[in-house]
Amino acid sequence: MRNATFPLHLFLSNLDGITRVEGTAIFLTPDPEGLPQTLLHNLKHNKVLHQRVVLMTLVTEEVPRIADDEQITVEDMGEGLYRVVARFGFMEDLDVAHVLELCVPHGLVFDPMDTTFFLGRETLLCTRGEGMPVWRERVFVMMWRNATRAMEYLRIPPNRVVELGAQVEI
C-alpha cells in the first residue's frame with residue numbers, strides 16, 4: 001500500500017478545477033510524507049475536496065510520555081491543506097481530541113460539528129502466489145478482522161466518521 005501513494009507535490013499542483021465544499025476533512029494516515037489513499041478515494045468518488053484538509057499522522061515513540069509542547073508539529077502546505085504529526089509516548093493513549101486541542105495555538109481551530117474524519121477500511125484478500133504461505137495469510141487476515149477499529153481506538157465520535165473501503169490482496 002505504501003508503494004501506491006501519490007506524491008503530495010503533484011497533488012498540490014493539480015488542485016485547480018476541483019470543487020471545494022465547506023468544512024474540514026481530517027484524513028488519518030500512517031505515512032507523514034505521502035497522500036492518503038482515503039483522500040484520493042474520496043476525491044475520485046465524490047469529486048469534491050473540503051475547504052480545509054488536514055493530513056494527520058499519529059506516531060508512538062519509544063519513550064513513556066511526551067510533553068504537550070513537544071507533541072505536535074503543524075505544517076501549512078498551502079491551498080487549505082495542513083499536515084499534523086502528533087507524537088505520543090508508549091504509555092499514552094492515542095487521543096485525537098487532545099491533538100485537536102493542541103492545534104489551536106498553531107492557528108487550527110476545529111468546530112466538532114463541521115469536522116469530518118475520513119478513515120480507511122481495508123478488506124484483506126488471500127491470494128495464491130509468492131510471499132507468505134496461504135495458511136499464514138489466513139491467520140493474518142483473521143487477526144486483522146479481530147483488531148480494534150481505528151475509530152474506537154482513537155476515540156473519534158462515530159457520528160463524525162466516514163469510512164472508505166478498499167480491497168487489498170496479500
Side-chain angles (χ1 to χ4, degrees), residues 1-61 66-89 92-124 148-169:
M1 289 176 64
R2 184 173 295 228
N3 293 337
T5 58
F6 192 79
L8 186 59
H9 68 279
L10 288 177
F11 178 77
L12 290 171
S13 66
N14 289 308
L15 288 178
D16 293 335
I18 295 176
T19 303
R20 304 293 289 258
V21 295
E22 295 284 325
T24 300
I26 298 177
F27 292 88
L28 290 154
T29 176
D31 181 10
E33 299 301 320
L35 199 64
Q37 289 292 319
T38 49
L39 189 150
L40 294 174
H41 284 300
N42 183 55
L43 189 57
K44 177 182 175 184
H45 295 287
N46 296 319
K47 299 179 181 23
V48 297
L49 192 64
H50 285 73
Q51 287 293 334
R52 186 168 62 164
V53 175
V54 176
L55 309 178
M56 184 180 291
T57 301
L58 307 175
V59 179
T60 302
E61 301 285 352
I66 294 180
D68 282 355
D69 60 340
E70 298 174 2
Q71 195 165 21
I72 70 162
T73 57
V74 176
E75 178 187 356
D76 184 346
M77 298 181 294
E79 301 290 335
L81 269 77
Y82 298 86
R83 178 169 311 280
V84 173
V85 178
R87 298 171 38 240
F88 292 86
E92 297 176 287
D93 291 329
L94 303 181
D95 188 350
V96 171
H98 183 64
V99 172
L100 298 182
E101 291 171 10
L102 293 176
C103 288
V104 172
H106 297 273
L108 286 177
V109 179
F110 298 93
D111 175 3
M113 296 311 293
D114 198 32
T115 302
T116 304
F117 294 87
F118 288 84
L119 304 177
R121 181 83 170 152
E122 294 82 15
T123 300
L124 301 182
T148 303
R149 294 174 63 179
M151 176 184 61
E152 297 162 3
Y153 183 68
L154 301 174
R155 299 186 190 128
I156 301 171
N159 64 340
R160 304 305 322 155
V161 172
V162 173
E163 285 187 335
L164 298 169
Q167 293 185 346
V168 179
E169 292 181 351

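Reckoned from all heavy atoms, side chains included, excluding hydrogens, waters and symmetry mates.
- No option in Q51, R52, H50 other than R52 meets the side-chain hydrogen bond (donor to acceptor under 3.5 Å, both in side chains) test with T24.
- Heavy atoms only, all atoms of each residue included: L58 and V96 are closest at CD1-CG2, 4.1 Å.
- The CZ atom of F27 sits 4.5 Å away from atom CG of N42, with the distance rounded to the nearest 0.5 Å.
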For a quick test of your reading: what N or O donor-acceptor pairs under 3.5 Å do the side chains of residues 101-120 make, sequence neighbours left out?
| from | atom 1 | to | atom 2 | distance (Å) |
| --- | --- | --- | --- | --- |
| D111 | OD1 | M113 | N | 3.2 |
| T115 | OG1 | D111 | O | 2.8 |

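- Side chain to side chain, H98 and D93 fail the donor-acceptor criterion of an N or O pair below 3.5 Å.
- Using a 4.5 Å cut-off on side-chain heavy atoms (C-beta onward), I26 and R160 make no contact.
- Taken to the nearest 0.5 Å, the OH atom of Y82 stands 11.5 Å off from the CD atom of E75.
- Between V85 and the choices V74, L55, V59, the side chain to side chain contact (heavy atoms under 4.5 Å, CB included) rule is met once, by V59.
- The two residues I66 and E92 come nearest to each other via the heavy atoms N-OE1, 3.2 Å.
- To the nearest 0.5 Å, atom CG of residue L49 and atom CZ of residue F11 are 5.0 Å apart.
- Annotation: salt bridge (Lys or Arg N to Asp or Glu O under 4.0 Å) contacts involving residues 79-89, sequence neighbours excluded, comprise E61-R87.
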Between L15 and L81, does the side chain to side chain contact (heavy atoms under 4.5 Å, CB included) criterion hold? Intermediate values first, please.
CA-CA 11 Å; L15 288 178; L81 269 77; 4.2 Å; yes
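- The minimum heavy-atom distance between A86 and V99, with the atom names listed, is CB-CG2, 3.6 Å.
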